[in-house]
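Inspection log for the structure reproduced underneath, given as structure tokens.
Only heavy atoms go into these numbers, but all of them, side chains included; no hydrogens, no water, no symmetry mates.
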Amino acid sequence: MNMQNRTSPSDTVQQKKSGAGKLQKLAAGSIYTIAAALVLNCVLQLLVYPQLASGLGAEANGTVLYLMAFVNILGPSIGQALNNSRLVLRRDYEVSNGDYNIEILLYSAVGILITLLAAADSLHGIGMPVLAAVLILLTNFRYYGDVEYRLNLQYRNYFFYYAICGAGYAVGFLLYRATGNWFLIFLTGEAAALLYVILTGSIFRSPFRVSPYFKTVLKRGAILVLSYSVTNLTLNIDRLYLKHTLGGEAVTIYYVASLIGKTLVLFIAPINTVLISHLTKNNIRPDRRMFLKFVGIGAAVSCIFFAACEIGTPIFVRIFYPSLTESVAPILTIVTATQILAMLSAYLFIIVLTFTGERWQLALQCCHLAAVLLLISVMTPAGGLAGFSGAVLIANTLRIIAVIALGIIAAGKQQKAA
């Protein structure tokens, strides 16, 4: 027997301690990132947006939400996409800060131009377009900025980053009350977060120095930005389509039915933040067995969330939207399942991203959007809101199947190559 291949008891204990340590770090990172999301969303949903609605009135507040939709689409599509891109590419290339800062500026310029043209009727005078452009730019960099702490797994600072952003929103709200300019709420919050990362991090040092891999960064980043843009368009398809086909009441009913599920989806982003950071930091490329374990864990958690939503959402609707209880009931289970599948697919997508090319991400996102548009255009005229709900559920089911199939195939090829 080869004595060199034996594992001593001390080695086994050390391996167990190492595994336990990694698990503790993963749990701590998840707690910090979920807490960060909670802090930021509590400030926005419990203070900022309700008070804006109360102070401005329904019509003016609708204009605020409309303009902020452009900001909320562009921020994740540009900043978060390039954030994740840097995490993935750092395993294979010595990228630099300038590679990403310049790319963000390029995409931001395009996004600002589109916003100013599309929302020209809602941006009155000279000041509002300028403020909107600055807000888009700051938000794009803020979504990218937390990569500073993800690169080094510094999740305590990650939490502070978003806590300071939330505190900035609160201070900005006071400025809004004093001046009447609602842009100050968001400008102050975004600027506060960016100031924190500038003072504590290094990703904005030598901001325009590019690496020899700039073209690679630009090419792969472009694919991911486009993919995220398709995703964000798909996420808002219910409001866009229902408003023009079934009217505002249908939008409200579907929104209420999906509210709890969409809230749960918000928490998948922090979990994905920890997951992709650990996988890329430790250069882990999941094989087929590991990927299927991730699928199983995601499916189990999704089932738990679905059961919780089935119990909690009707109670929530009766308390907060009693007049819509009967209208929501027929589509509640379908819409809940749709949102849970969206959560599961977002989780699986981020895992697949770590060992497949970005072009596959984009292809799947485009196919999903095409499936949604085709199905809702066929099923909504015949089935109304129930038809629309069923169409989106079918499209999300097809997306899950496609993501799992891609993961199994790609992981298998990677395993054979190794």
Sequence neighbours excluded, the answer for salt bridge (charged side-chain N to carboxylate O under 4.0 Å, His left out) partners of R399 is none

Hits for side chain to side chain donor-acceptor pair (under 3.5 Å) against S108, two or more places apart or cross-chain, chain-then-number order -> N140

Applying ring pair (Phe, Tyr, Trp, His ring centres under 6.0 Å) to Y32 and not counting sequence neighbours gives none

Taken in chain and number order and not counting sequence neighbours, the residues that satisfy side-chain contact (heavy atoms from CB on, under 4.5 Å) with L341 are L393, N396, T397, I400

Sorted by chain and residue number, the salt bridge (charged side-chain N to carboxylate O under 4.0 Å, His left out) partners of E103 (sequence neighbours excluded) come out as none

Applying side chain to side chain donor-acceptor pair (under 3.5 Å) to T139 and not counting sequence neighbours gives none

Hits for side chain to side chain donor-acceptor pair (under 3.5 Å) against T336, two or more places apart or cross-chain, chain-then-number order -> none

side-chain contact (heavy atoms from CB on, under 4.5 Å) filter on T115, not counting sequence neighbours, yields F70, L74, I136

Taken in chain and number order and not counting sequence neighbours, the residues that satisfy side-chain contact (heavy atoms from CB on, under 4.5 Å) with T200 are Y149, Y196

The complete set of side chain to side chain donor-acceptor pair (under 3.5 Å) pairs with one or both residues in residues 293-312, sequence neighbours excluded, reads E310-T333

Hits for side chain to side chain donor-acceptor pair (under 3.5 Å) against Y228, two or more places apart or cross-chain, chain-then-number order -> N84

Residues at least two apart in sequence or cross-chain that pass side-chain contact (heavy atoms from CB on, under 4.5 Å) with I408, listed by chain then number, are R288, F291, L292, I404

